[in-house]
Undergrad: 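Okay, here's the structure, questions in a sec.
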Amino acid sequence: QVHLMESGGGSVQAGGSLRLSCAASRDRYMHMGWFRQAPMNDREAVAAIHTGDGYTHYADTVKGRFTISRDNVQNTLYLQMNSLEPGDTAMYYCAVAYGGKWPPGVGDWSYWGQGTQVTVSS
């Protein structure tokens with residue numbers, strides 16, 4: 001069974017930074033990614049990484065501010081978030097996929113974590 005545990009969320013003022021982590025149980029994932037969901041909004045893809053080639057993909061709203069990375073030894077996924085804005089406030093989830101196109105579509109993700117809350121105040 002796959003286990004994903006996010007951590008690192010919190011409250012920060014606009015312009016600040018946070019680093020999210022996602023500890024994943026070991027398995028042959030093709031893609032790992034971060035999503036977010038604000039109240040009354042649909043879940044939004046934030047960033048994804050191809051575990052083999054290291055390709056990364058970002059939503060336009062976070063390009064240049066967020067960086068996704070992976071520690072292959074610890075099997076941990078990270079999301080470094082800089083220049084945070086109130087619009088980044090949401091529950092952040094990590095997810096894994098065993099295949100699918102690049103960048104992965106919504107339906108390609110197999111497992112999700114429980115989420116970690118990020119709140120950015122102005």
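Predicted model, so just to flag it, every value in this text is computed and none were measured.
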Undergrad: Are V62 and F35 linked, directly or through other ILVMFWY residues, by side chains that come within less than 4.5 angstrom of each other?
TA: no
Undergrad: Just wondering, are more than 12 heavy atoms of other shown residues or ligands nearer than 6.0 Å to CG in D53?
TA: yes
Undergrad: Does the side chain of I49 reach to within under 4.5 Å of the side chain of Y55, using non-hydrogen atoms?
TA: no
Undergrad: Does Y93 form a side chain to side chain contact (heavy atoms under 4.5 Å, CB included) with Q37? I'd like the steps, not just the answer.
TA: CA-CA 8 Å; Y93 302 88; Q37 187 167 18; 4.2 Å; yes
Undergrad: Tell me if a side-chain donor or acceptor on T89 pairs with a main-chain N or O of T119 at a distance below 3.5 Å.
TA: no
Undergrad: Whether the S17 and N82 side chains hold a donor-acceptor pair (N or O, under 3.5 Å, no angle test) is what I'd like checked.
TA: yes
Undergrad: Can you tell me how far apart CZ (R70) and OH (Y29) are? Round to the nearest 0.5 Å.
TA: 8.5 Å
Undergrad: So P104 and W109, do their side chains get closer than 4.5 Å, heavy atoms only?
TA: yes
Undergrad: For residues W112 and M32: do they belong to one hydrophobic cluster (side chain heavy atoms under 4.5 Å, members Ile, Leu, Val, Met, Phe, Trp, Tyr)?
TA: no
Undergrad: Suppose we call two aromatic rings close when their centres sit under 6.0 Å apart. Are F66 and Y58 close by that rule?
TA: no
Undergrad: I'd like to know if the side chain of N75 reaches the main chain of N72, judged simply by a donor and an acceptor atom lying under 3.5 Å from each other, with no hydrogens or angles considered.
TA: no
Undergrad: Output the distance between atom OG1 (T56) and atom NE2 (H31), rounded to the nearest 0.5 Å.
TA: 12.0 Å
Undergrad: Can you tell me if D27 and Y98 form a side-chain donor-acceptor pair at under 3.5 Å?
TA: yes
Undergrad: Checking the side chain of T61 only, and the main-chain atoms of A59 only, is there a donor and an acceptor separated by less than 3.5 Å?
TA: no
Undergrad: Does any part of the side chain of C22, heavy atoms only, come nearer than 4.5 Å to the side chain of W34, both counted from C-beta?
TA: yes
Undergrad: With a 4.5 Å cut-off on side-chain heavy atoms, are H57 and H50 touching?
TA: no
Undergrad: Grab the two heavy atoms, one from T76 and one from S21, that are nearest each other, plus how far apart they are.
TA: CG2-CB, 4.3 Å
Undergrad: Atom CE of M81 and atom CZ of R36: how far apart are they, to the nearest 0.5 Å?
TA: 9.0 Å
Undergrad: More than 12 foreign heavy atoms under 6.0 Å from CZ of R28: is that the case here?
TA: no
Undergrad: Any chain of hydrophobic side-chain contacts (each under 4.5 Å) joining L84 to I68?
TA: yes
Undergrad: Once rounded to the nearest 0.5 Å, what's the spacing between atom CG of L77 and atom CG of L4?
TA: 9.0 Å
Undergrad: Identify the two heavy atoms, one from L20 and one from V118, that lie closest to each other, and give their separation to 0.1 Å.
TA: CD2-CG2, 4.0 Å
Undergrad: Taking all non-hydrogen atoms of both residues into account, name the closest pair between S121 and P86 and its distance.
TA: C-CG, 4.4 Å
Undergrad: How close do M30 and G100 get, counting heavy atoms only, and between which atoms?
TA: SD-O, 4.2 Å
Undergrad: For a quick test of reading the model, state the closest non-hydrogen atom pair linking C94 to E6 and the distance between them.
TA: N-OE2, 2.9 Å
Undergrad: Is any side-chain heavy atom of Q114 less than 4.5 Å from a side-chain heavy atom of M5?
TA: no
Undergrad: With side chains defined as the heavy atoms from C-beta onward, is the minimum distance between L79 and V46 less than 4.5 Å?
TA: yes
Undergrad: Between CZ of R65 and CD of Q80, what distance do you get to the nearest 0.5 Å?
TA: 12.0 Å
Undergrad: Could you measure the distance from the CZ atom of R43 to the CE atom of M91? Nearest 0.5 Å is fine.
TA: 9.5 Å
